[in-house]
Amino acid sequence: MRALRPRGRSTFLSVVAMVVALGGCALASDPPAPEVGGQESAAPTSAPAAATPAADPALHDLLPERIKSAGVIRVASNIPYPPWEMYTTVGGQQPTGIDYDLSQALAAKLGVKASFDQTAFDSMIPALLAGKADIVMAGIFDTPKRRESLSFVDYAKDGYSLLVVKGNPQGMKDVADLSGKTVAVQSSTSEEAAMSKLSKRFESEGKPGVTVLAFPGDSEAFLAIKSGKAMARVQATSAAAYAAKTFEDGNAFELVESPSITAEFGGGMEGIGVPKADTELRTALQKALQSLMDDGTYLKILSRYGVENIALTKAEIDQGTD
């Protein structure tokens, strides 16, 4: 998933228009497709919205007492990161995306509600550990470093790709082509650390390193590619493929896939982050997710965003790799 300082508000809002959601939430009817980058765009997929799952009393009983009493699971997320999380309209406040849809389905199955709270990416885990949120859902990878403080209910398996401008003028094909290039990443992500490591390796081999531009949000990283300040963006394949397909009706970006890219940047399991000590909530989420996998709700949600290829059939705990 996902060092320059944040750009000004006006610049940020202009880029948010590029990454606005192209569909509604999976638990309701699809709204009209909004404009993206000034152009009218089709919905990302024709897959129907999933019906709201019925509450399962046995699963509800597994929840910690504080969640039962509050009637809500507080979800920390970082918007926008399409197709995982985004807003339905430019400047709007209604979230949508894989994580939003899935959080609502999980909560419904558990007989509670789920809030979905915008949080700075590098503040999500601290907020969770400070008790300001119950879980993290932001398309984040289940890694050994994160498992030092969290457990993960794994819900997708993803790789890595490069996102470049349409036409790929630099002719980039694999990891070796990043030598001497300027690459955009989101700060405080596994990609940022891996890119720094790759740059040092290039230099040790007598090759030009990588100039890394790290941004606080996804939108700024996209703008860097669009404006030519960066030659590529390293990103989970699910997110990069969605951007290539949807921005400016598919005319803005292009996806570069290669086994060497996933091998270099890791890939693996993406998971719902839960504090390690909160075993009751972790177990409840795992069993609720498995129920959604078994009844087809989970796959319908992924299908709405065209990412069925990242689906799992079994909800497991802490199966991510470095």
Side-chain angles (χ1 to χ4, degrees), residues 1-6 19 77-85 98-99 120-125 136-147 150 152 156-165 170 172-203 209-226 229-244 253-271 273 307 310 320-322:
M1 282 190 65
R2 342 179 208 206
L4 293 178
R5 295 294 181 189
V19 294
S77 193
N78 181 242
I79 309 170
Y81 185 58
W84 295 92
E85 36 266 329
I98 297 167
D99 282 328
F121 188 86
D122 57 4
S123 297
M124 290 189 302
I125 293 177
V136 169
M137 292 185 72
I140 63 174
F141 283 104
D142 167 0
T143 66
K145 179 66 175 177
R146 289 172 177 152
R147 287 199 300 274
L150 304 182
F152 286 89
K157 186 174 184 179
D158 210 349
Y160 271 101
S161 296
L162 301 181
L163 192 68
V164 300
V165 294
Q170 298 291 320
M172 303 183 76
K173 297 178 181 178
D174 55 29
V175 165
D177 294 324
L178 294 175
S179 174
K181 303 296 193 303
T182 298
V183 180
V185 300
Q186 188 171 349
S187 58
S188 300
T189 60
S190 55
E191 297 95 276
E192 182 180 20
M195 188 62 71
S196 177
K197 182 178 179 181
L198 175 64
S199 183
K200 291 177 181 177
R201 193 181 83 213
F202 282 148
E203 292 171 351
V210 181
T211 299
V212 180
L213 298 183
F215 297 94
D218 208 48
S219 303
E220 296 95 330
F222 286 131
L223 178 62
I225 308 171
K226 188 75 173 160
K229 291 183 178 180
M231 300 299 102
R233 166 79 193 277
V234 176
Q235 196 172 33
T237 299
S238 58
Y242 187 87
F253 300 122
E254 186 170 314
L255 190 69
V256 176
E257 295 184 88
S258 167
S260 68
I261 301 171
T262 292
E264 184 68 38
F265 295 99
M269 295 292 189
E270 283 151 321
V307 293
I310 68 173
T321 57
D322 192 359

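Remember, it's a predicted structure, so these values are computed and weren't measured experimentally.
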Going by ring pair (Phe, Tyr, Trp, His ring centres under 6.0 Å), F141 matches just one of F152, W84, Y160, F265. Which one?
Y160
How long is the span from the OG atom in S77 to the CG atom in D99, to the nearest 0.5 Å?
5.5 Å
So F121 and Q186, do their side chains get closer than 4.5 Å, heavy atoms only?
yes
Contact summary for V165 and I225, nearest pair of heavy atoms
CG1-O, 3.3 Å
With sequence neighbours excluded, give me every side-chain hydrogen bond (donor to acceptor under 3.5 Å, both in side chains) pair touching residues 193-202.
R201-E264
Minimum heavy-atom separation for L255 to A240, with atom names?
CD1-CB, 3.4 Å
Residues passing the side chain to side chain contact (heavy atoms under 4.5 Å, CB included) test with K181, sequence neighbours excluded, are Q170, M172, V183, M231
Going by heavy atoms in the side chains, are V307 and Y242 under 4.5 Å from each other?
no
Could you tell me the separation between the CZ atom of F253 and the NZ atom of K226, rounded to the nearest 0.5 Å?
6.0 Å
Partner set under side chain to side chain contact (heavy atoms under 4.5 Å, CB included) for V256, not counting sequence neighbours:
L162, V164, N168, I261
Closest non-hydrogen atom pair, E270 against G139
OE2-O, 3.5 Å
Between CG of L150 and CD1 of I140, what distance do you get to the nearest 0.5 Å?
6.5 Å
Among residues at least two apart in sequence or on other chains, which ones pass side chain to side chain donor-acceptor pair (under 3.5 Å) with T262?
none
Taking every heavy atom of Y81 against every heavy atom of A236, the minimum-distance pair comes out as OH-CB, 3.7 Å
Hey, what do you get for OG1 (T143) to NZ (K145), rounding to the nearest 0.5 Å?
9.0 Å
Once side chain to side chain contact (heavy atoms under 4.5 Å, CB included) is applied, do any residues pair with A221, and if so which ones, sequence neighbours excluded?
A184, F215, R233
Is the side chain of S187 donor-acceptor paired with the backbone N or O of A214 at a distance under 3.5 Å, no angle test?
no
By side chain to side chain contact (heavy atoms under 4.5 Å, CB included) - contacts of S260 (at least two apart)
D174, V175, S258
How many angstroms lie between CE in M137 and CG in N78, if you round to the nearest 0.5 Å?
14.0 Å
To the closest 0.5 Å, what do you measure between CE (M124) and CZ (R146)?
7.5 Å
Less than 3.5 Å apart, any donor N or O on the side chain of S238 or D158 sitting next to an acceptor on the other?
yes
Between R147 and G320, is there a donor-acceptor pair closer than 3.5 Å when you use the side chain of the first and the backbone of the second?
yes
